[in-house]
Every structure is written in structure tokens, then in C-alpha cells.
Amino acid sequence: MPTRTRSTARRRWRSFFSTSVVLIVLAAGGLALWLNTREPEPSGNAAGADPTSTPLPDAEQARSDLDRLTVAWNRNWESYERNAFGPGWSGHGGEPELTDGCTARQDVMKRDLTDVRLADSNSCMVLSGTLIDPYTGEHLPYDRFKASGIEIDHVVALGDAWRSGASEWNPERRERFANDIGNLLAVQKQANQDKGSKTPDQWRPRAEYWCDYARRWVGVKQRWGLSVQPTEKSALADMLDSCQPPAAR
């Protein structure tokens, strides 16, 4: 090969190599930036695991998690819109299917009711069962073809989630939160309406359910990185004290 041809080839190779290195460095830098700035995925079913297996922290873990939660007063309350969490919980249908092929509402009904009878043609559809309401202790029969006194409650309400951090999330993350069955319970309709979007310093279920209610509440706020207000934190700590056996109080 002539000397000039070899020299030209070497220059072209060096130019190609240099350009490739620059592109690789830029790509690596972009990936690192994306990894550092994207929103962290919550643990449990909201991140894509089995939707029926979201863990409930024990009392000791809940107390530890409560101490680590960010304490802040509510913000952006005036801009809240329920449909910001997707169409499924605005009364317009369109709830997404979870990894098991059922919606969050269907999974909660199957999980929380006893003596459940499912449709032969659809294992997600509950035809009948009985709910022992955790909020009131009342026994409520369920029949899909009759008016029901049962509703599905977001323990940490969508409105409270919005005020404690969700207003800053993207729509996809808010929809995942709305369908996190670890934050959903089948409850008595009137109790659900009385609770609304109140926090534990404003509304509590029956005293026998304080422990589990506070454990679930703290678990949700920890899992999703939501803040608590000072009065809310104090109420949760008080409710977690009910987890202790009577002899230890």
C-alpha cells in the first residue's frame, strides 16, 4: 500500500475511534443522568410484583419507618383533582389490570371478603361474600347483583397523597399509587365517606383496628416517599402504641 494511502487510512481510523469514544462517553453520561434523576420505584406490588402480596410492616418496623418519614405541612392542596390519578378511580371506569390480570378493585374484594364465590367464567369477578368491616366491625353481606354497602377505600386517600408529595409526580406514578392494593381496603360505605381524605389526627376507625390501620398508613407513606404533618405523626405514634399487649402498657 502506498505511504500516502496508509497515512490517510490511519487518520480516518483515528478519527473514527475518537468519535466512537466520544459517543460512548456521552451515552454513558446520559444513562447516569437518567438513573440519578428518574423517580424511584416503590417496593411491593406497585413496582410490578404479585399484587396480592404487598407486605404490611410489623409494629416495630412501622415505628422505625414513622421516625424516618419527612415531616412537612401539606402543600398544593388547592390544585388537587381526582382524575390526576387516572380514570379508574374517578367513577369513569378504565381501571388498569395488574400483573395477575385483575383490577385492583377486584383483587381487594377477593382478598378482604370471606366465603367468596367467583364467577365461573371470570376468576377476577366476585359474585358474593361477606365483609367483616375493619373500620366498624360490622358484618356486611355482598351480592354483585344487589345494592352494596361496601366500598373500596384508599387508606392514604388520593387527596392526602396529593398534598403530601404526589402533586410532584408524573401521571404514570400517580396511577400506580391509585392501584396499589397495599393502600386499599374493602370497608363499610358510610365509614369510607366519613373518613374521606382525612388523616389519622382527623379521623380514626374503631380502637380495635388502630394498630393495623397505623401500620398500613405508615407503610404506604414510607413505600411511596410521602410526608406526614406533625399532628398526623403524633396521631400515628399514639395508634401504634395500641399494638403493645395490655401487660406492656
Side-chain angles (χ1 to χ4, degrees), residues 39 41-56 80-135 140-162 165-167 169-193 195-197 205 212-213 215-217 219-221 223-226:
E39 292 176 326
E41 289 288 350
S43 59
N45 75 286
D50 177 1
T52 62
S53 63
T54 303
L56 188 66
Y80 167 66
E81 293 183 1
R82 190 173 178 86
N83 61 12
F85 289 84
W89 298 94
S90 300
H92 306 302
E95 296 169 32
E97 291 184 356
L98 303 183
T99 55
D100 63 348
C102 302
T103 67
R105 192 185 301 272
Q106 291 169 331
D107 275 331
V108 171
M109 290 290 285
K110 291 198 297 180
R111 181 196 67 192
D112 292 355
L113 271 61
T114 61
D115 302 321
V116 170
R117 183 167 69 90
L118 301 176
D120 292 336
S121 60
N122 185 350
S123 62
C124 294
M125 183 183 296
V126 175
L127 297 180
S128 63
T130 301
L131 174 70
I132 303 175
D133 174 40
Y135 290 172
L140 301 170
Y142 174 77
D143 186 324
R144 179 176 174 81
F145 304 104
K146 296 180 181 179
S148 174
I150 299 171
E151 290 185 345
I152 305 300
D153 178 43
H154 287 90
V155 176
V156 175
L158 301 183
D160 179 62
W162 180 270
S167 61
W169 298 347
N170 61 40
E172 292 75 19
R173 184 177 175 85
R174 286 197 289 265
E175 185 170 65
R176 292 198 301 274
F177 175 83
N179 292 281
D180 176 4
I181 71 164
N183 186 38
L184 294 170
L185 288 176
V187 300
Q188 184 206 59
K189 180 177 180 179
Q190 188 58 55
N192 184 36
Q193 295 177 356
K195 171 180 173 285
S197 63
D212 285 355
Y213 188 76
R215 289 166 57 205
R216 188 174 298 276
W217 188 285
V220 170
K221 290 235 161 170
R223 186 162 66 249
W224 289 91
L226 297 171

With rounding to the nearest 0.5 Å, note down the distance linking [atom1] in [X] to [atom2] in [Y].
X    : Y    : atom1 : atom2 : result
D120 : L127 : CG    : CG    : 8.0 Å
L158 : R82  : CG    : CZ    : 5.0 Å
L98  : D107 : CG    : CG    : 5.5 Å

Over all heavy atoms of both residues, which pair between [X] and [Y] is shortest? Give the atoms and the distance, please.
X    : Y    : value
M109 : A186 : SD-CB, 4.5 Å
A84  : W162 : CB-CZ3, 3.7 Å
I181 : R111 : O-NH1, 3.0 Å
F85  : A178 : O-CB, 3.6 Å
L226 : A166 : CD2-N, 3.9 Å
L131 : D112 : CD1-O, 3.7 Å

Partners of [X] by side chain to side chain donor-acceptor pair (under 3.5 Å), sequence neighbours excluded?
X    : answer
T130 : none
E97  : none
D160 : K221
E175 : none

[X]: which residues meet the side-chain contact (heavy atoms from CB on, under 4.5 Å) condition with it, sequence neighbours left out?
X    : answer
E172 : N170, R176
S148 : Y142, I150
P141 : none
C124 : C102, Q106, N122

I'd like to know if the side chain of R174 reaches the main chain of W169, judged simply by a donor and an acceptor atom lying under 3.5 Å from each other, with no hydrogens or angles considered.
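It does hold such a pair.
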Would the distance check show the side chain of N192 and the main-chain N or O of E151 forming a donor-acceptor pair, the cut-off being under 3.5 Å?
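No; judged by distance alone, with no hydrogens or angles, the pair does not exist.
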According to salt bridge (Lys or Arg N to Asp or Glu O under 4.0 Å), who are the partners of D153, at least two apart in sequence or on a separate chain?
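Only K195 meet the salt bridge (Lys or Arg N to Asp or Glu O under 4.0 Å) criterion with D153.
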Results of salt bridge (Lys or Arg N to Asp or Glu O under 4.0 Å) for R216 - residues two or more places apart only:
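None.
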N183 and W224 side chains, donor-acceptor separation under 3.5 Å
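Looking only at side-chain atoms, N183 and W224 do not form any donor-acceptor pair under 3.5 Å.
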Tell me, do [X] and [Y] make a side-chain contact under 4.5 Å, heavy atoms counted?
X    : Y    : result
P134 : D212 : no
V126 : L118 : yes
V220 : V155 : no

